[in-house]
Amino acid sequence: MTPFTRRVIHILKQIPAGKVMTYGQVAKAARSPRAARQVVRILHSMSKKHHLPWHRVINAKGQIVIKDDEERMEQKWLLDLEGVEISLSGYVNLEKYQFHYDIQTDENEFDQYSNKD
DNA sequence: ACGTTGACGACCA
DNA sequence: GTGGTCGCCAACG
């Protein structure tokens with residue numbers, strides 16, 4: 001469990017129902033702007049254990065991109081339950097449903113570990 | 001230590 | 001809108 005992984009998990013848990021974040025956005029919030037693919041890896045390996053809202057993470061185009069058919073269906077179903085509209089072609093309107101994570105809040109919560117003046 | 005692996009993202013055709 | 005290339009980088013074997 002690296003600090004990066006810990007931050008990603010911390011962030012994911014803050015996405016409210018009915019909202020979504022993109023992989024890149026989560027990576028950026030975790031202070032590694034180009035580590036979107038690592039977010040993917042974390043979702044793969046730790047969603048169950050840490051009860052992560054994995055279905056609330058989609059790609060930068062607002063598209064549902066899970067490869068596995070069953071999981072993709074489940075994701076659409078879960079988002080639908082939360083009131084997130086999905087187009088027939090599998091797109092979510094980011095303008096409407098994207099969760100704008102406040103990185104300041106995150107930094108404050110980690111102040112206890114850092115010694116900034 | 002090194003090559004591979006991704007539910008990515010930006011860019012271009 | 002769709003599909004391909006290329007760069008990215010932490011985790012894994």
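Lettering follows sequence order; numbering is per chain, from 1.
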Give Thr5(A) one of three labels, base, sugar-phosphate or nothing, depending on what nucleic acid heavy atoms sit under 4.0 Å from its own. sugar-phosphate
Would Leu94(A) end up clustered with Leu79(A) when hydrophobic side chains under 4.5 Å apart are linked, directly or stepwise? yes
To the nearest angstrom, the CE-P distance between Met21(A) and dG9(B) comes to 11 Å
Does Arg37(A) get its side chain close enough to the base of dT5(B), under 3.5 Å, for a donor-acceptor pair? no
Run Thr5(A) and Gln38(A) through side-chain contact (heavy atoms from CB on, under 4.5 Å) and show every step you take. CA-CA 8 Å; Thr5(A) 301; Gln38(A) 282 59 251; over 6 Å; no
Whichever of Lys61(A) and Thr2(A) has its nearest DNA chain C nucleotide further upstream toward 5': Lys61(A)
Return the value, rounded to whole Å, for the distance between atom CD of Gln63(A) and atom P of dG9(B). 11 Å
Give me the atom names and distance for the closest heavy-atom approach of Val8(A) to Ala30(A). CG2-CB, 3.7 Å
Side-chain heavy-atom pair Trp77(A), His55(A) within 4.5 angstrom cut-off: no
Anything under 4.0 Å to a heavy atom of chain A counts; send over the first and last such nucleotide of DNA chain C, read 5' to 3'. dT2(C) to dA11(C)
Rounded to whole Å, CE of Met46(A) lies from P of dG6(B) at a distance of 17 Å
Return the value, rounded to whole Å, for the distance between atom CD1 of Ile42(A) and atom P of dG6(B). 15 Å
Would Met46(A) end up clustered with Val40(A) when hydrophobic side chains under 4.5 Å apart are linked, directly or stepwise? yes
Just to be sure I understand the rule, does Ser89(A) reach a base, reach only the sugar-phosphate, or reach nothing, if contact means heavy atoms closer than 4.0 Å? nothing
Taking the nucleotide of DNA chain B with the nearest heavy atom to each, does Ala60(A) or Gln38(A) sit closer to the 5' end? Gln38(A)
If you find the nucleotide of DNA chain B closest to Ile58(A) and the one closest to Arg41(A), which residue's nucleotide is nearer the 5' end? Arg41(A)
Below 4.5 Å, heavy atoms only, C-beta onward: do Asn59(A) and Tyr23(A) meet side chain to side chain? yes
